[in-house]
Structures are given as structure tokens and as C-alpha cells.
Amino acid sequence: MKKFCLTLCIAGIVFLFLSNLAHAQDSMEVSYAQTTAAYTNYRDCIRLYKLPFGKLFYLALSSVNANKYEILEMQSRNGYIIFEADGREFLLNVMKKDKSYTFLKLAPCDNNYYFSPTIPQKIFRYIDVSFNADVKELKF
């Protein structure tokens, strides 16, 4: 009887240890999923610049290129740039307010704002740094 109780106690301790280990692995997977897919606020994806439409479009295009994102499609007349970053597609839209003010809006193509907030930060930071740069036409 004493052997049976001792074996039962050891089996219970091993079972508790394995169940705690499995629970710890599950919680680690959940925390990893939460850190990779952070929610980005809509207000952080739109900005107003005191720049003409053409200059802001070219700065946005060079920002996407400088951040090593893959440009999939662009349309200069309407100010659309579709690019891929972190395995997702994004639409960068340049919208004219008046002669001297222009909006720049970043939106995910699937309208799911669970992506890294560093993507709009990198785009806007490059434009802020290059704000006073001259846009020159290259002739070949």
C-alpha cells in the first residue's frame, strides 16, 4: 500500500510539472503573437504637410524606396503608391488640400490596422528629414 501511494504521488507531481510546462509554452506563443501584430492607430497614419502635391508625391515615393519596401504600383496623377512591407500591402495616398497644403495617408490594403507602427513612422520620418530637399528632374 505504501508503494502504491508513493507511486501515485510521484505520478501526480510529474503530471503537474508537465501541465505547467505546457501552459508556459502556450502563454509564450500568445505573447509572441501579440508583439508581432500590434495595433496601429488610424490617426498615426495621416499627416498634413505644407508642401505642394508634386513635391510630396516624389518625397513619398523616395521614402518608400529608401526604406527598402517593394513598390508594386504607382499612379502619379492621382497620387497613389501601393507597396509591400512585412508581407502586407499598403496604400500611400497623397491628397491635395489647396495650393500649399497636402495630406499624406497610409492605409493597409486589407483595412486591417494590426501591423507594426514603425512602418508609418519610417515613412513620415524620411519625409520630415527631406522636407527642404530640392526635387530636380533628371535628364539622361
Side-chain angles (χ1 to χ4, degrees):
M1 183 71 176
K2 213 176 203 184
K3 260 189 194 181
F4 177 74
C5 288
L6 184 61
T7 307
L8 189 61
C9 287
I10 292 174
I13 291 171
V14 169
F15 175 76
L16 287 174
F17 175 76
L18 291 177
S19 66
N20 284 339
L21 183 64
H23 181 352
Q25 287 177 347
D26 289 342
S27 66
M28 285 184 348
E29 289 174 2
V30 169
S31 66
Y32 175 75
Q34 288 175 352
T35 58
T36 58
Y39 181 76
T40 303
N41 195 341
Y42 172 80
R43 291 182 200 100
D44 297 335
C45 294
I46 190 165
R47 193 169 289 181
L48 179 66
Y49 286 98
K50 189 175 181 178
L51 288 173
F53 175 83
K55 183 173 182 178
L56 186 59
F57 177 76
Y58 291 128
L59 284 175
L61 191 60
S62 64
S63 174
V64 171
N65 188 40
N67 286 308
K68 308 248 188 285
Y69 299 140
E70 182 182 357
I71 298 172
L72 302 175
E73 185 178 336
M74 67 178 186
Q75 187 179 32
S76 61
R77 185 173 193 172
N78 293 326
Y80 296 118
I81 302 168
I82 298 175
F83 65 95
E84 186 174 346
D86 295 338
R88 297 186 57 191
E89 292 182 0
F90 293 92
L91 171 67
L92 194 58
N93 193 1
V94 182
M95 300 172 290
K96 186 176 188 179
K97 180 180 178 187
D98 57 21
K99 271 188 171 179
S100 56
Y101 287 96
T102 309
F103 284 102
L104 184 64
K105 178 183 169 190
L106 177 74
C109 287
D110 60 356
N111 205 26
N112 184 0
Y113 280 85
Y114 282 98
F115 61 88
S116 174
T118 60
I119 294 172
Q121 289 171 359
K122 286 180 180 179
I123 298 276
F124 295 139
R125 185 179 309 127
Y126 181 87
I127 293 172
D128 292 340
V129 168
S130 305
F131 188 81
N132 293 326
D134 291 334
V135 178
K136 297 179 183 176
E137 183 178 340
L138 296 177
K139 295 185 180 183
F140 295 100

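Side-chain atoms are counted along with the backbone in the values below, which use heavy atoms only and exclude waters and symmetry mates.
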So how far is it from [X] [atom1] to [Y] [atom2], rounded to the nearest 0.5 Å?
{"X": "Leu91", "Y": "Asn111", "atom1": "CG", "atom2": "CG", "answer": "10.5 Å"}
{"X": "Lys96", "Y": "Leu56", "atom1": "NZ", "atom2": "CG", "answer": "12.0 Å"}
{"X": "Phe124", "Y": "Arg47", "atom1": "CZ", "atom2": "CZ", "answer": "5.5 Å"}
{"X": "Thr40", "Y": "Gln121", "atom1": "OG1", "atom2": "CD", "answer": "8.5 Å"}
{"X": "Glu89", "Y": "Glu73", "atom1": "CD", "atom2": "CD", "answer": "9.5 Å"}
{"X": "Leu104", "Y": "Asn93", "atom1": "CG", "atom2": "CG", "answer": "8.0 Å"}

- [ ] Assess whether side-chain contact (heavy atoms from CB on, under 4.5 Å) is satisfied between Met74 and Ile82, documenting all intermediate values.
- [x] CA-CA 6 Å; Met74 67 178 186; Ile82 298 175; over 6 Å; no
Closest non-hydrogen atom pair, [X] against [Y]:
{"X": "Ser116", "Y": "Asp86", "answer": "CB-OD2, 4.3 Å"}
{"X": "Phe57", "Y": "Gln75", "answer": "CE1-O, 4.0 Å"}
{"X": "Val64", "Y": "Ile71", "answer": "CG1-CG1, 3.6 Å"}
{"X": "Thr102", "Y": "Pro52", "answer": "OG1-C, 3.6 Å"}
{"X": "Val94", "Y": "Phe53", "answer": "O-CE1, 3.3 Å"}
{"X": "Ile46", "Y": "Met95", "answer": "CD1-CE, 4.4 Å"}

Without swapping roles, check the side chain of [X] against the backbone of [Y] for a donor-acceptor pair under 3.5 Å.
{"X": "Ser62", "Y": "Leu59", "answer": "yes"}
{"X": "Lys55", "Y": "Phe131", "answer": "yes"}
{"X": "Asp110", "Y": "Asn112", "answer": "yes"}
{"X": "Ser63", "Y": "Ile123", "answer": "yes"}
{"X": "Asp98", "Y": "Ser100", "answer": "yes"}

Task: Aromatic plane relationship, Tyr113 with Phe115 - under 30° parallel, 30 to 60° tilted, over 60° perpendicular - done: tilted
Open item on the list: I want to check something: taking the side chain as every heavy atom from C-beta on, are Tyr69 and Lys122 in contact at a cut-off of under 4.5 Å?
Closed with: yes
Open item on the list: If we count only N and O atoms by modelled type, under 3.5 Å, do the side chains of Asp128 and Tyr49 hold a donor and an acceptor together?
Closed with: yes
Open item on the list: Under 4.5 Å between side-chain heavy atoms, counting indirect links through other Ile/Leu/Val/Met/Phe/Trp/Tyr residues: same cluster for Val129 and Leu48 or not?
Closed with: no
TODO: Following the transitive rule for hydrophobic clusters with a side-chain heavy-atom cut-off under 4.5 Å over Ile, Leu, Val, Met, Phe, Trp and Tyr, establish whether Tyr126 and Leu106 coincide in one cluster.
DONE: no
Task: Within 45° cone and under 6.0 Å: Lys105 NZ/CZ vs Phe103 ring - done: no
Open item on the list: Run the side-chain contact (heavy atoms from CB on, under 4.5 Å) test on Tyr80 and Leu92 for me, step by step, so that the C-alpha distance in whole Å, both residues' side-chain angles and the decisive distance to 0.1 Å come before the verdict.
Closed with: CA-CA 6 Å; Tyr80 296 118; Leu92 194 58; over 6 Å; no
